[in-house]
Amino acid sequence: MSEYKLGMGHVDGVHTPLVLVGKDIYRLSDILKGQAPATLEEVFANWKAMDQTIGTSVVSPDASPLQADAVTFLTPLSNPRKVVCIGTNYHDHVEEMKVTSLPDFPYAFLRPQTCLAAHGEEVALPTGAKMNDWEAELGIVIGQAYGPGDTRDPMEAVAGYTVINDVSARDWIASRPFVGIDWVMQKAWDGFQPTGPWITPARFVEDPDNLDIELTVNGAVKQKSNTGNMIFGVAPILRHLAGIMTLEPGDIIATGTPAGVGYGQHPQEFLASGDTVKVTVAGLGTLENRFV
């Protein structure tokens with residue numbers, strides 16, 4: 001079966017699932033030649049069967065590809081049940097953030113769906129935060145329920161991988177009270193998790209724990225690393241989370257960021273209106289957003 005990627009787009013006034021085959025973009029409905037799911041949430045709800053059907057159908061697509069300028073990308077998953085983020089998960093990032101010891105387990109927090117933003121979308125910088133920072137991350141998309149008591153290989157629960165920019169308002173690190181950091185004030189602003197544009201099925205990613213990852217701001221490289229530098233790889237993250245909550249199809253997990261965030265620069269550097277940020281993960285694609 002041919003390799004492909006999945007996304008969501010606005011085409012001819014309609015929100016529609018997209019399929020990328022090589023450099024060509026198709027409507028999923030055109031590839032399947034019939035009734036197709038209206039969202040990727042529906043695709044991942046029946047992932048095992050859908051993956052086989054789509055994979056077979058894209059071998060020789062009997063459909064016309066879309067013109068690139070006819071597609072406005074949307075967030076691949078607009079209504080996930082959970083958006084989970086892992087913090088302090090790269091050895092070099094722990095050092096630059098002056099964390100004195102490595103975590104004993106993946107440090108996680110939840111984010112609201114309103115944080116999601118699409119590839120190409122302009123993201124409004126909040127008026128209530130000034131130290132807005134970038135974070136390149138590998139994203140995991142769940143394709144099978146996996147939770148407490150499950151003894152399967154956690155990698156079986158993964159539908160695919162995507163690209164994430166985990167934007168952070170560092171104001172509440174710099175001035176945290178004795179009770180600790182306010183993670184909502186740091187992470188929950190609208191549009192603070194651009195994601196996409198594509199989800200690459202897991203079977204086409206040979207080793208998610210060995211992917212080059214890079215972030216640029218206005219063309220200048222700020223982060224350049226490899227997911228092999230994660231403290232906890234994909235499987236340990238999934239095992240830890242599944243011991244607490246049931247991971248469900250369509251859930252998104254951001255796996256942490258390497259060194260090179262603005263807070264760790266000397267002098268410190270933060271996002272300004274007009275900045276363009278690109279995040280690239282090898283084999284998965286490039287996510288680009290302008291901040292305004």
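In this text, all values refer to a predicted model and were calculated from it rather than measured experimentally. For the numbers below, each heavy atom of this structure counts, side chains included, while hydrogens, waters and symmetry mates do not.
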Taking only residues two or more places apart in sequence, or in another chain, which ones meet His93 in a ring pair (Phe, Tyr, Trp, His ring centres under 6.0 Å)?
none
According to ring-ring contact (aromatic ring centres under 6.0 Å, His included), does anything in residues 146-165 pair up with another residue at least two apart or in another chain? List the pairs.
none
Quick one: list whatever passes side-chain hydrogen bond (donor to acceptor under 3.5 Å, both in side chains) with Asn289, sequence neighbours left out.
none
Sorted by first residue and then second, give each salt bridge (Lys or Arg N to Asp or Glu O under 4.0 Å) pair with at least one member in residues 71-81; sequence neighbours left out.
Arg81-Glu248
Using the test side-chain hydrogen bond (donor to acceptor under 3.5 Å, both in side chains), find all partners of Asp133 that sit at least two apart in sequence or belong to another chain.
Arg170
Phe44: which residues meet the ring pair (Phe, Tyr, Trp, His ring centres under 6.0 Å) condition with it, sequence neighbours left out?
Trp47
For Thr216 and Lys222, which I'm curious about, is there any donor-acceptor pair between the side chains at under 3.5 Å?
no
Name all residues meeting the ring pair (Phe, Tyr, Trp, His ring centres under 6.0 Å) criterion together with His15; count only those two or more places apart in sequence or in a different chain, and write none if there are none.
His10
Among all residues two or more places apart in sequence or in another chain, which pass the salt bridge (charged side-chain N to carboxylate O under 4.0 Å, His left out) test with Asp251?
Lys82
Output the distance between atom OG1 (Thr257) and atom CD1 (Ile164), rounded to the nearest 0.5 Å.
10.5 Å
Using side-chain hydrogen bond (donor to acceptor under 3.5 Å, both in side chains) as the criterion, list what pairs up with Thr200, not counting sequence neighbours.
Lys5
Is it the case that atom CD in Glu42 sees more than 12 heavy atoms from other parts of the structure closer than 6.0 Å?
yes
Members sharing Leu18's hydrophobic cluster, built from side-chain contacts under 4.5 Å between Ile, Leu, Val, Met, Phe, Trp and Tyr, are Val11, Leu20, Ile25, Leu66, Val71, Phe73, Trp198
If the condition is ring pair (Phe, Tyr, Trp, His ring centres under 6.0 Å), which residues does Trp172 pass it with, not counting sequence neighbours?
none
Look at atom CG of Asp62 and say whether more than 12 heavy atoms of other residues, nucleotides or ligands are closer to it than 6.0 Å.
no
Mind checking what makes salt bridge (charged side-chain N to carboxylate O under 4.0 Å, His left out) contact with Asp12, not counting sequence neighbours?
Arg27
Salt bridge or not for Asp275 and Arg290, using N-O below 4.0 Å?
no
Would you check if there is a donor-acceptor pair between the side chains of Ser168 and Glu135 at a distance under 3.5 Å?
yes
Ile237 side, atom CD1; Asn89 side, atom CG - distance, nearest 0.5 Å
5.0 Å
What's the separation between atom CG in Asp92 and atom CD in Gln223, rounded to the nearest 0.5 Å?
9.0 Å
